[in-house]
2 protein chains.
Amino acid sequence: MKSDRSAGKVTLADVGRVANVSAITVSRALRKPEMVSPKLRQRIEEVVAELGYVPDPVARALASDRTDVIGVLIPSVTNSVFADVLRGIYSGVEGSPFSVQFGNTRYSVLEEERLLRVFLSQRPAGLIVSGIDQSETSRTLLTQARCPVVQIMEMGPAPVDMMVGFSHCDAAYDATRHLIANGYRRIAFFGARMDPRTQRRLEGYLRAVKEAGLFDEGLLITTPRASTVELGCQLLSDLLARTQAVDAIFCNNDDLALGVLFECQRRRIAVPDDIGLCGFNDLEMMAVANPPVTSVRTFRQEMGRRAVEMVLARVAGKDVPQPVVDLGYELMARQSTRGQERMRRGA
Amino acid sequence: MKSDRSAGKVTLADVGRVANVSAITVSRALRKPEMVSPKLRQRIEEVVAELGYVPDPVARALASDRTDVIGVLIPSVTNSVFADVLRGIYSGVEGSPFSVQFGNTRYSVLEEERLLRVFLSQRPAGLIVSGIDQSETSRTLLTQARCPVVQIMEMGPAPVDMMVGFSHCDAAYDATRHLIANGYRRIAFFGARMDPRTQRRLEGYLRAVKEAGLFDEGLLITTPRASTVELGCQLLSDLLARTQAVDAIFCNNDDLALGVLFECQRRRIAVPDDIGLCGFNDLEMMAVANPPVTSVRTFRQEMGRRAVEMVLARVAGKDVPQPVVDLGYELMARQSTRGQERMRRGA
DNA sequence: CATACAAATGTTAGCGCTGTCATTTGTCAA
DNA sequence: TTGACAAATGACAGCGCTAACATTTGTATG
């Protein structure tokens, strides 16, 4: 039996036998070296190396009722915004014994609920979830989770536990104000995949144009489709087919903005003179496009890294002095909006 | 004791107690329903629902010596190419009880080795690794892995187990041939992050230009830096500072190509008339850029999905009729190379 | 040198589940 | 009805590890 299952698997007991100590001492030597005398510790380490012992995380999890896995729920794997957050999360766990398990909610609240249950059944060391629009059930699950929880991407009034994000609404408001300040009056909004964050950007846009008395429903172009560069081209075509009275476009994200830029180039619409263009997220390419495109820089990697740091601190028993962190954003004003200024808000 | 640890946790035994059967019967009702009488099965299912029982994957893993986790090793999380592969992998496991655990090797063979050991210690149901350039040690680990293994992204002569990919070398060869066929003679190669796949693309390029007697070392621009759009701009500037005798550029990937395109626009270099431009991967935006950019389409999502399918088939005990799959590629000839044709190779 | 106490190590009993084998129940032919 | 056999269910042990408690060893003190 044993011979078959554990084919060659070295256990704590094996190490103990060779080193002439009990299994638990080996366990301690590995996890809490200071509890074992230096002499023994060294002998054990030698045997571990010699035998090529690798701790079994599954057994450890069962015995100690905890894992070293941080569960992360994000709505999309492909969206480059989340890819950046992931990178941040990875850099955060790097060098620690923790690993990361992702769940893709695909922008579905129900899928989020389901994944949450799955994750929670695995005794995560911590949980990182996207946004603040969980279902009632999800919130309950998170509240009762016996591990630290971080909500990322947004700020909101009632954090489940900890939170790192920024205000999409304020960011969009500032971007729109920037367009207005630079002389644009007929400012369109392009929004794809109207998820909660996009909705809040729309809110910010609306607040700004309404305040300035520039609101026109005809300038609102939204679609449930996922945003792509091609969609940006299309939305511009759609808009222009409807009206020529547009002098700026605030895009819900940089993919759309890039599409708009290409389409403007094709149609020989001068950016920023005929049309001002502003994106969101400040993807790397925006700064080197032709012309460089104004965008709202968000700190996506930082968000991931901070979230992990908070989880790790809590797991280590430290308390987190600032459990709610507003990372802010930065308006990168560039040529596409006749931009010179550069302002910062939040955090 | 118990009360504290398992706070509210419902176990198989709990379900069994309420349903008046033994724990093992509940286990069977859940895993192999056909082994339990319909009547009992129904009663058990009711109790499971009533109590909100969720199986504990950790305990199951320890007892059965296997998990439902597929380990995936990729060299980068941010690179959009791998993001697409991930999406494919996700769509592959969707609806199955399997989940995915990623490891980021950051293009390091040693990190790959380390992660491999970690993953293997967790009894994965299967392993998906990127490329064919594992270290000797890694190959040994993979060979001895007691689970199916799929190498993705590339084709190679000696698969560890299964393989899904395409020939980067052939793809680059065809792309370069296309440039030559369309009248370009001074064809530069831009390569960033010279990982094995980039190296093979370079090989393909070299084969084509040498065959045509068009090789010039001065047209080879490579850098270990990660590729970005900005880097594309820079490499073009560098090249032009060195020589004006260039009439086409084959970029190692689409990020670089996009940078080159923007820089050409800025410098009023006409694409495709002054300079032909070809990318690699056919990111969505290439088709709608201005002008649309020729690129080599690769089937990244498909690669991920197929890899998962192969693992699942093997886990289910089926045998995989075609354990080595060449997915091929497709040259998307567009305006940036005066392209009309559209050819296919591989698979 | 006995005492007290801390440090170091060991013993025991599971964690929740599943593999294996044993037992019970049901079914059918003779 | 009985026996033979399959189907359904159960008992038991153990996966590899760690928490909690128990014991031993070392060390300082009077």
Side-chain angles (χ1 to χ4, degrees), chain A residues 1-17 19-44 47-48 51-68 97 120-123 125 146, chain B residues 1-17 19-44 47-48 51-68 97 120-123 125 146:
Chain A
M1 202 76 318
K2 166 150 180 95
S3 64
D4 192 54
R5 269 202 42 159
S6 40
K9 170 156 245 174
V10 180
T11 71
L12 270 186
D14 295 333
V15 176
R17 211 166 300 128
N20 244 306
V21 293
S22 69
I24 188 68
T25 304
V26 180
S27 172
R28 279 198 279 254
L30 263 32
R31 287 180 303 136
K32 311 172 182 172
E34 72 285 357
M35 286 185 66
V36 174
S37 68
K39 216 181 78 187
L40 245 193
R41 196 191 313 161
Q42 202 203 326
R43 185 159 91 237
I44 290 173
V47 176
V48 164
L51 264 48
Y53 169 74
V54 181
D56 183 334
V58 171
R60 178 199 301 237
L62 187 61
S64 66
D65 198 34
R66 55 181 228 86
T67 61
D68 287 348
L120 284 171
S121 77
Q122 311 196 25
R123 317 168 169 72
R146 304 186 311 146
Chain B
M1 197 77 320
K2 163 147 183 97
S3 64
D4 194 53
R5 273 211 26 170
S6 40
K9 170 156 242 173
V10 180
T11 71
L12 269 187
D14 296 332
V15 176
R17 212 166 298 127
N20 245 305
V21 294
S22 70
I24 187 70
T25 304
V26 180
S27 172
R28 278 198 279 253
L30 263 32
R31 287 179 303 134
K32 310 172 184 172
E34 73 285 356
M35 285 185 68
V36 175
S37 69
K39 217 180 78 186
L40 245 192
R41 196 191 312 159
Q42 203 202 325
R43 185 158 92 238
I44 290 173
V47 175
V48 164
L51 265 48
Y53 169 74
V54 181
D56 184 335
V58 171
R60 180 199 301 240
L62 185 61
S64 66
D65 199 33
R66 53 179 229 87
T67 62
D68 288 347
L120 283 172
S121 77
Q122 313 197 24
R123 316 170 172 73
R146 303 185 312 147

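Here is the naming used below: chain letters follow the sequence lines, and residue numbers restart at 1 for every chain.
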Whole-Å distance, Leu12(B) CG to dG16(C) P, equals 10 Å

So Val36(A), base contact, sugar-phosphate only, or nothing? Heavy-atom distance under 4.0 Å. sugar-phosphate

Numerically ordered, the residues 20-30 of chain A set in heavy-atom contact under 4.0 Å with DNA chain D is Ile24(A), Ser27(A)

Does a side-chain N or O from Ser37(B) land closer than 4.0 Å to OP1 or OP2 of dT9(D), or not? yes

In whole angstroms, how far is the C1' atom of dA7(D) from the NZ atom of Lys32(B)? 15 Å

How long is the line joining CZ of Arg66(B) and P of dG16(D), in whole Å? 16 Å

Working to the nearest 0.5 angstrom, can you tell me the gap between Lys9(A) NZ and Leu120(B) CG? 10.0 Å

Calculate the interatomic distance between Asp65(A) atom CG and dA20(D) atom P; express it in whole Å. 11 Å

What is the distance, to the nearest angstrom, from the CG atom on Leu40(B) to the P atom on dG10(D)? 7 Å

Do the non-hydrogen side-chain atoms of Ser121(B) and Pro55(A) ever get within less than 4.5 Å of each other? no

Any donor and acceptor pair, going by atom type alone, linking the side chain of Thr67(B) with main-chain N or O of Arg123(B) inside 3.5 Å? yes

From dC17(C), dT9(D), dC17(D), pick the nucleotide closest to the side chain of Met35(B)? dT9(D)

Less than 4.0 angstrom between a side-chain N/O of Arg31(A) and OP1 or OP2 of dA19(D), yes or no? yes

How close or far is atom C1' of dT25(C) from atom NZ of Lys39(B), stated in whole angstroms? 12 Å

Distance check needed: dG16(C) P versus Arg60(A) CZ, whole Å only. 18 Å

Roughly how far, to the nearest 0.5 Å, is CZ of Arg17(B) from CG of Asp14(B)? 5.0 Å

Rounded interatomic separation in angstrom, taking CG from Asp56(A) and C1' from dG16(D): 6 Å

Donor-acceptor contacts, no H, no angles, side chain residues 24-32 of chain A, under 3.5 Å, sequence neighbours left out:
residue  : atom : partner  : partner atom : Å
Thr25(A) : OG1  : Ser22(A) : OG           : 3.1
Ser27(A) : OG   : Arg31(A) : NE           : 3.1
Ser27(A) : OG   : Arg31(A) : NH2          : 3.0

May I ask you to test the Arg41(B)-Ile44(B) pair for a side-chain heavy-atom distance under 4.5 Å? no

Just do the side chain to side chain contact (heavy atoms under 4.5 Å, CB included) check on Glu34(B) and Val36(B) with the steps written out, would you? CA-CA 5 Å; Glu34(B) 73 285 356; Val36(B) 175; over 6 Å; no

